[in-house]
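A note on names: the letters A, B, ... follow the listed sequences, proteins ahead of strands, and every chain is numbered from 1.
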Amino acid sequence: MQTTDFLTQLNLSQRQAVEHFCGPMLVVAGAGSGKTRALTYRVAHLIRHHRVHPENILAVTFTNKAAREMKDRIERLFAQQQAETKYGKPFSALTQEEQTRLRSQVYKNITKHLWMGTFHSLCARILRFDINKYQDEKKRRWDKNFSIFDESDAQSLVKQIVTKQLNLDDKKFNPRSVRYAIGNAKNKGMSPLEYQRAEPDYRGRVIAEVYGIYQDNLAANNALDFDDLIRIPVELFRQNEQVLAYWHQHFNHILVDEYQDTNRTQYNFIRYLATNGEDPRYFNNWKNRSVFVVGDVDQSIYSFRMADYTILLEFQNDFGDGLPDEDTRTMIKLEENYRSRENILEVANKLIENNTQRIDKVLKPTRGLGEEIYCYEAESEREEAEFVCSKIQEITDQNPELDLGSFAVLYRTNSQSRPLEEALIHYDIKYVIIGGLRFYDRKEIKDALAYLRVIANPADTVSLLRIINTPRRGIGKTTIDSLLNASSQMGIPLWEIINDKASVNALAGRSSKAVNKFAEIIQHLQDEVENLTALEIVEGILETSGYTEDLKKQGTEEADNRLENLGELCSAVAQFQEDNEDTTLGSFLANASLASDLDNLQDGQEAVSLMTLHSAKGLEFPVLFMVGLEQGLLPHFRSIDDPLSLEEERRLCYVGITRAQEQLFLSYATERRQLWGARDATIPSQFLGELPADLVNTNAMKKAIYRSKRQSKKTQNSVVKKAVSNQTESWQIGDKVMHENFGVGLVTNVFGEGKKISLGIKFGKMTKIINPKIEPMEKLN
DNA sequence: GAGACCGTTATTTTT
DNA sequence: TAACGGTCTC
């Protein structure tokens, strides 16, 4: 590959970023400025031009999906280049067979070796090598088959400690907030003891105690939570020079995407690896070594997860040369936006200007004005959803080249998806929901994974308890309690009791037989774990445990659905085996625990995407809807009173807007279903008021009616009357109307006359029969 | 030991 | 409103 081949496809700043070789570099990259391109090309350039071995590159992405796409793009770059050198023609001109062969060669020689993934998956991978070398302050230890507890595992563990072990009121010590406090402590690098010193009051002491017991329990289960996955490598680097030196030497070039959303622990992870533990301000051994971070403070939206954008703001003083913008050699700004139309960018820029916490930066348009932005005021969530559907229909009708994959609907909270789903089903529009209930969170999937976790890691008592009587095999509470009791008395994992026939016969009474049989099933697969593929283990366990049989017997629709999901799990395992070198059960389980729903979002899928604003980070869509722009929702009421949180909500709104490529629709409902059934009036989001009015078109007539409605409830009648008195004019086919609920329509039929007149009106795809004397409606032009 | 029923309680965002 | 958890009963 001629180096210039792909460098010519970059603008000056992007090119600088790609050609940067050694030392620290911060790329301040606005939304849609081609940062992914810069990252992928830089990785390719390091390998191709500087002869860096792929294995020595560590690239951190925000999602697994982003990692996969980046690998894919790098693979394509190399395949393209090799097609030209080997066959003398472009990749696309090769036969299918040649293409596949080339791709798999590139995979084998290059992309397979890259360390590319999220902090969590990369750290999990490091820990599978080295966790046996780690020991914490209370001498707790783990081994490489550790389980990964997800947030719900972690929370139920906390709950169990609070209510069962400490006999405290879980209303006063709400498991979620206690778990949050523990997570907070972990990300600040505090042990239970240090936490107690920092928070010496009663509540602090209790939380510290829970935290200590929580770690005991994790260790007893040979399990880690999401925070530990990153914290423990950092602690290990701190306590073990050789381990640190090994990984420091291994990762010569470190790249981090979405750097504004890293937290302290993640920062420390990067810092240790980059400088071998030295203070970055004095570290100067940058030979064949770089730290390259990309981010945008305006898109920092994860502070609830301890993300801290000041880490990005500090980069220049920390790793960089600390010089002002015009002189620095360790920072590049990417400001040209290649994604969105000018109207959209202008609106985004104006909105974000209201924030105080930022680096000044303006998105510069490159793509022309585009369509106007439309803000729709709906009457209810339902009607808002109908607006979205009818717009989608209208746009697809007019633009047959657009498929449904071009559309996305974004909202603040997952629960907002419901009315949208109902409307989409009603309109017969295909959709996919990203997030909400993850595939791996479904009961049957969690059960299946629990079986697998017990096989891989018998110490995992949480999983063991989940499945010991699932499906029902006659092992009840009394039996389990007596087994558990023995396990804690003897200080050994529950599994060791269960797997010992003598103990079971002594303790389990009537249920002994069932327990022994259960133990045999698990034991059998444990013995075979080395010889079988992950897929064989999954299929084996579902069969021998009686799980599928039980579901088949039920024969309900729900059971069928679960069977189907289990089938999907098997294909996921098969897919995993195909995609990965390391096909052991442990590796699959780590992957499953860290998989997110986003990973299933596929390009070219013929369906509208529904997701939260958070999930939409890093994505783009030609036509974008943002719904529920109301005070209390966006900005969320939990953030409305705190200026800094409010700025984060504004960034969230900014992230949403900047996902749009061609067209942007904003909407809100004036009446919303509230917490328990009651409906309540809403106030439009303050962010709408911050957008330049001349760029945003609204259904203004409705707004006027609405405003007068609100001024006084009494006037409501007169509004209707006024509307009616407006309708004395005659109607004919072809008239254009503006209807309060359905928007603009076209009169297609006129029935009757005088008082009894009614009109057939086409609003987008739906046709309604409406009496203009009753329904407030205005004739246009 | 299993299932029914009733009361309570929750809604921010996610690797 | 809906889902979950705990209790009570068979």
Taking all non-hydrogen atoms of both residues into account, name the closest pair between A/I148 and A/R453 and its distance. O-NH1, 2.8 Å

By nearest-nucleotide position on DNA chain B, the 5'-leaning member of A/R473 and A/E648 is A/R473

Heavy-atom closest contact (A/L629 atom, A/Y668 atom, distance): O-CB, 3.3 Å

Between atom CZ in A/R382 and atom P in C/dT1, what is the gap in whole Å? 14 Å

Whole angstrom value for the distance that separates P of B/dT13 from CD of A/E649: 11 Å

Do the side chain of A/T118 and the base of B/dT15 come within less than 3.5 angstrom through a donor-acceptor pair of N or O atoms? no

I want to check one thing: is the phosphate of B/dT12, taken as OP1 and OP2, less than 4.0 Å away from some side-chain N or O of A/R638? yes

Ignoring backbone atoms, establish whether A/T479 has a side-chain N or O less than 4.0 Å from OP1 or OP2 of B/dG1. yes

Would you say A/R472 places a side-chain N or O within less than 4.0 Å of OP1 or OP2 belonging to B/dG3? yes

Short side-chain N/O contact from A/S615 to OP1 or OP2 of B/dT14, under 4.0 Å: yes

B/dT12 and C/dG5: how far apart are their C1' atoms, nearest whole angstrom? 23 Å

Looking for any heavy atom pair under 4.0 Å, which part of the strands does A/T478 touch: base, sugar-phosphate only, or nothing? sugar-phosphate

Can you tell me the distance, in whole Å, between the CD atom of A/E421 and the P atom of C/dA2? 14 Å

Gap separating the CG atom of A/L420 from the OH atom of A/Y411, nearest 0.5 angstrom: 7.0 Å

When the distance from CD of A/E630 to C1' of B/dT11 is rounded to whole Å, what number comes out? 15 Å

Using a cut-off of less than 4.0 Å, is there contact between a side-chain N or O of A/K65 and OP1 or OP2 of B/dT14? no

Within the pair A/R176 and B/dT12, is there a side-chain N or O less than 4.0 Å away from OP1 or OP2? yes

Quick test of your reading of the model: are A/D153 and A/K446 salt-bridged, counting only N-O distances below 4.0 Å? yes

State, to 0.1 Å, how close A/Q299 and A/Q260 come at their nearest heavy-atom pair, and which atoms those are. O-NE2, 3.5 Å

Pick the nucleotide of DNA chain B nearest each of A/G474 and A/S121; which residue has the one closer to the 5' end? A/G474

In whole angstroms, how far is the P atom of B/dT14 from the CD atom of A/E151? 12 Å

Write down the distance between CG (A/D481) and C1' (B/dG1), rounded to a whole number of angstrom. 13 Å

Distance, rounded to the nearest Å, where A/L633 contributes CG and B/dT13 contributes C1': 12 Å

Parallel under 30°, tilted from 30 to 60°, perpendicular over 60°: which one fits the rings of A/F304 and A/Y302? tilted

Evaluate the ring planes of A/F129 and A/W115, with Trp represented by its six-membered ring, and classify them as parallel (under 30°), tilted (30 to 60°) or perpendicular (over 60°). tilted

Any base atoms under 4.0 Å from A/S511, or only sugar-phosphate, or nothing? Heavy atoms, all strands. sugar-phosphate

Ordered by number, residues from residues 295-306 of chain A within less than 4.0 Å of DNA chain B (heavy atoms) are A/Y302, A/F304, A/R305

Have a look at A/N469 and say if it touches a base, only the backbone sugar-phosphate, or nothing, with a 4.0 Å heavy-atom cut-off. sugar-phosphate

Give a yes/no answer on whether the side chain of A/N414 brings an N or O atom under 4.0 Å of OP1 or OP2 in B/dT14. yes

In whole angstrom, give the distance that lies between atom OH of A/Y180 and atom P of B/dT12. 12 Å

Would A/H636 pass as stacked on B/dT12, i.e. its ring centre under 5.5 Å from the base's six-membered ring centre and planes under 30° apart? yes

Taking the side chain from A/E383 and the backbone from A/E379, do they hold a donor-acceptor pair closer than 3.5 Å? yes

